[in-house]
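What you are looking at is a predicted structure, and each value in this text was computed from that prediction instead of being measured. Computation of the quantities below employed the complete heavy-atom set of this structure, encompassing side-chain atoms and omitting hydrogens, waters and symmetry-equivalent molecules. In what follows, chains carry the letters A, B, and so on, assigned in the order in which the sequence lines appear, proteins first and then strands, with residues in each chain numbered from 1.
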Amino acid sequence: MDIQQHIAERAIAGASALYEVSLDAKDLVISETKQEIEGDYTLVVFPLVRHSKKSPEATAEQLGEWICGDSDHLDSYSVVKGFLNFTLAPGSWSTILVDLLDTDLDAPSGIQSKALVEFSSPNTNKPLHLGHVRNILLGWSMTKILEATGHEVVTTQIANDRGIAICKSMVAWRQFADGATPESTGTKGDHFVGNYYVRFEKEFAQEYLDWQSSEEASALLSSQSADAQADPAKYWKDYKNQYFNQHSTLGAQAKEMLLRWEADDSATRDLWRQMNGWVYSGFDQTYETMGVSFDQIYYESDTYLLGKEIVAEGLDRGIFYRKDDGSVWVDLTDEGLDHKIVLRSDGTSVYITQDLGTAEQRYTDHAAKRMIYTVANEQDYHFQVLFAILKKFDKPYADGLYHLSYGMVDLPTGRMKTREGTVVDADDLIEEIKQAVIKNSEEKGGLHELDASQRSDIQHRIAMAAIKFFILKVNAKKRMIFDPSESVDLHGHTGPYVQNAYVRIQSILRRYGTETLSAVSADYALLDIEKRLLMTISSWKDTLTAAARTYDPSLIANFSYQLAKEYHRFYHDAPILKATDEEKGFRVRLSQMVAKYLAYSFELLGIDMPDRM
RNA sequence: GGCUGCGUAGCUCAACUGGAUAGAGCACUUGACUACGAAUCAAGAGGUUGCAGGUUCGAAUCCUGCCGCGGUCACCA
């Protein structure tokens, strides 16, 4: 039985009988009654006074009288200003409990559809960092949430495995590694390759600095404006790209590497495959640690030439136009956007060309009408353009495209910067939190009787809960600040706090079992905190459907936290040990149910529960 | 500068999408473990929701204008 729905139905009937007006459920605002006020659920009557033509208080009185008059579930009401507060009949609570015990936790939408969720999508020249962590956690959680709402989900990513960046790593490795490998150095593959990328940048910076004192450089500088000559440091900073392309030896080597790659030179391809292979094995390790997996990985090296047929089709259909220089454009000014290039004058692809082709490819492969792209909000404009174009093509999947845009992760000191070495490495971060958990866990000593592998499994679960919850509790759209010292906190509004509630319940269930519990009578009188637990659990389906609708895992995280918090209080206020048989029957059942909802909501966040901690 | 997102307790975040006296955690002060796990609970203090107008019975939420902070405006990806 859904109490809120019951109230809505009674209110609609009441309004119809009293004021001869036909209302819809969405015209009514029904919420849980505020803590300090008498009652369980509240109907806001302000919107109804224009129909009743009475004061808010009088309307609430009249409606309350009518609604309670003939309801088995609503015992009494009280009016505070325009708020009509209902108190449930004692018997309703056990009905609610029984109903909840019978209900599944998922919420199939009815419209079964297939969805493809893209997340992670790293470059293959360096390891994953904190930004990827947020991306991965969001993508994975959305996958779980969509599955829970009745979708079949394919997880995917596009590995950005080609281009100048990986060529830099290749050049540096060839020049400086002397045949070293991840195995020979005992380095995780993605870090190994990343080290050579950093090495390249370092050598290049030195080369550039040396060059700045050459005759060629001073001749160049003296031919510049007075402004430039007054501030050479700034001038050289701005000139860096040009230097890379026109003067640099290392730059030339990297560009040559890229050309040979594009010409399918076999030695180059072999080296490229080898280095990417190292990176992938490193990534796989991190993904496994994080507990995520991909059904299909697309590689940019396969897809970077896609999309040209779409460009041709777009020209035919007049969706695109060609400029005199041969480049192809789309006019999106009627969408409030701009003109955007979709093919270079030399006929080669730009970023969006590939994305058009890749979208088509994915639809061919999976026939998913919904495709979710988990990408940071710096690319908001790009996705607006991409989706607008696909809409112009009337693609069958055009309406199901969604950019799961999330805010950047900043440090307390500001934005992460590669150059300043402030990028937080994903593996390092996980390790740091794990160490904090281990230290804490050893001090508490609760896991001493377990063997080492069980202990380490639980510590891993706690550490991952800490980091995942820390990130997922924040609304995806918002830029968030990641304070490392705060992320290792295991108290308060954290993942381990929620796990602790679950663990306490497991302990209770081990002790009392559930098979010989006494029955609970219909008029069993609940404590306030017990009612609150039932009300919170009753709101689960709304939370789940809202999370799916708004692509927002933080709603799930906040639900689990609220439930855990209420349970901790219940645990303190409602002892089972010295309870009557009936109380014990109720409280153990309630605990068991709370555990089920805690575990399920955490599952949707991609977090595992431990049985003890 | 155009477009776009965001400004809530000292800090990190909420606020059922327009409802009651804006809630949590961290940090700070104080109290609760000799029977279910203290990774817990309870109490205290902390706010002109960036500023100014407007709409409404009612605004952190919607509209307008400022101020501040990001992002984006490449034949880069």
Does a side-chain N or O of A/Arg479 approach OP1 or OP2 of B/rG5 to a distance below 4.0 Å, or not? no

Return no unless some side-chain N or O of A/Lys478 is found under 4.0 Å from OP1 or OP2 of B/rA14.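 Yes, A/Lys478 has a side-chain N/O under 4.0 Å of OP1/OP2 on B/rA14.
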
Within this structure, what is the [atom1]-to-[atom2] distance between [X] and [N], rounded to whole angstrom?
{"X": "A/Gln157", "N": "B/rA77", "atom1": "CD", "atom2": "P", "answer": "20 Å"}
{"X": "A/Lys340", "N": "B/rC76", "atom1": "NZ", "atom2": "P", "answer": "11 Å"}
{"X": "A/Lys444", "N": "B/rC33", "atom1": "NZ", "atom2": "C1'", "answer": "13 Å"}
{"X": "A/Tyr406", "N": "B/rC6", "atom1": "OH", "atom2": "C1'", "answer": "17 Å"}
{"X": "A/Leu386", "N": "B/rA77", "atom1": "CG", "atom2": "P", "answer": "15 Å"}

Where along residues 493-507 of chain A does a heavy atom fall under 4.0 Å from RNA chain B? A/His493, A/Tyr497, A/Asn500, A/Val503, A/Arg504, A/Ser507

Taking the six-membered ring for Trp, is the centroid-to-centroid distance between [X] and [Y] below 6.0 Å?
{"X": "A/Trp261", "Y": "A/Tyr304", "answer": "yes"}
{"X": "A/Tyr197", "Y": "A/Phe200", "answer": "no"}
{"X": "A/His403", "Y": "A/Phe387", "answer": "no"}

Applying side-chain hydrogen bond (donor to acceptor under 3.5 Å, both in side chains) to A/Trp540 and A/Ser538, what does each step give before you reach the verdict? CA-CA 5 Å; A/Trp540 165 249; A/Ser538 300; over 6 Å; no

If you check every side-chain atom of [X], which of [options] has the closest atom?
{"X": "A/Arg344", "options": "B/rC41, B/rC76, B/rG71", "value": "B/rC76"}
{"X": "A/Pro575", "options": "B/rC36, B/rG37, B/rA42", "value": "B/rC36"}
{"X": "A/Gln379", "options": "B/rC41, B/rA14, B/rA77", "value": "B/rA77"}
{"X": "A/Leu490", "options": "B/rA39, B/rU72, B/rC41", "value": "B/rA39"}

Closest-nucleotide mapping onto RNA chain B: is A/Tyr351 or A/Ser441 further toward the 5' terminus? I mean the 5' end.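 Result: A/Ser441.
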
If you pin A/Ile352 and A/Tyr561 to their nearest nucleotides in RNA chain B, which one's is more 5'? A/Tyr561

Going by salt bridge (charged side-chain N to carboxylate O under 4.0 Å, His left out), name the pairs with one or both residues in residues 530-557 of chain A, residues two or more places apart or in two chains.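 For residues 530-557 of chain A: A/Glu530-A/Arg587.
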
Scan residues 470-486 of chain A for pairs that pass salt bridge (charged side-chain N to carboxylate O under 4.0 Å, His left out), counting only residues two or more places apart or in two chains. A/Asp410-A/Arg479

Could you go through residues 440-450 of chain A and list every donor-acceptor pair under 3.5 Å that involves a side-chain atom there, pairing it with any protein atom two or more places apart or in another chain?
residue	atom	partner	partner atom	Å
A/Ser441	OG	A/Gln459	NE2	3.2
A/Glu442	OE2	A/Gln459	NE2	3.4

Exercise: identify the closest heavy-atom pair between A/Leu306 and A/Ser349: O-OG, 4.3 Å

State, without any angle test, whether [X] and [Y] hold a side-chain donor-acceptor pair at a distance under 3.5 Å.
{"X": "A/Glu566", "Y": "A/Thr536", "value": "yes"}
{"X": "A/Gln62", "Y": "A/Tyr19", "value": "yes"}
{"X": "A/Tyr321", "Y": "A/His339", "value": "yes"}
{"X": "A/Ser591", "Y": "A/Tyr512", "value": "no"}

Using a 4.0 Å heavy-atom cut-off, does [X] contact any base of the nucleic acid, only the sugar-phosphate backbone, or nothing at all?
{"X": "A/Met408", "value": "nothing"}
{"X": "A/Asp483", "value": "nothing"}
{"X": "A/Arg612", "value": "base"}

How does RNA chain B read in dot-bracket, base by base from 5' to 3', with Watson-Crick or G-U pairs under 3.5 Å and | used when the partner is on another strand? (((((((..((((.....[...)))).(((((.......))))).....(((((..]....))))))))))))....

Is A/Tyr381 side chain donor-acceptor paired with the B/rC3 base, going by distance under 3.5 Å alone? no

Quick one, give me the B/S/- string for nucleotides 15-23 of chain B, reading 5' to 3', where B means a protein heavy atom under 4.0 Å from the base and S means that only happens at the primed atoms, P, OP1 or OP2. -B--BBS-S

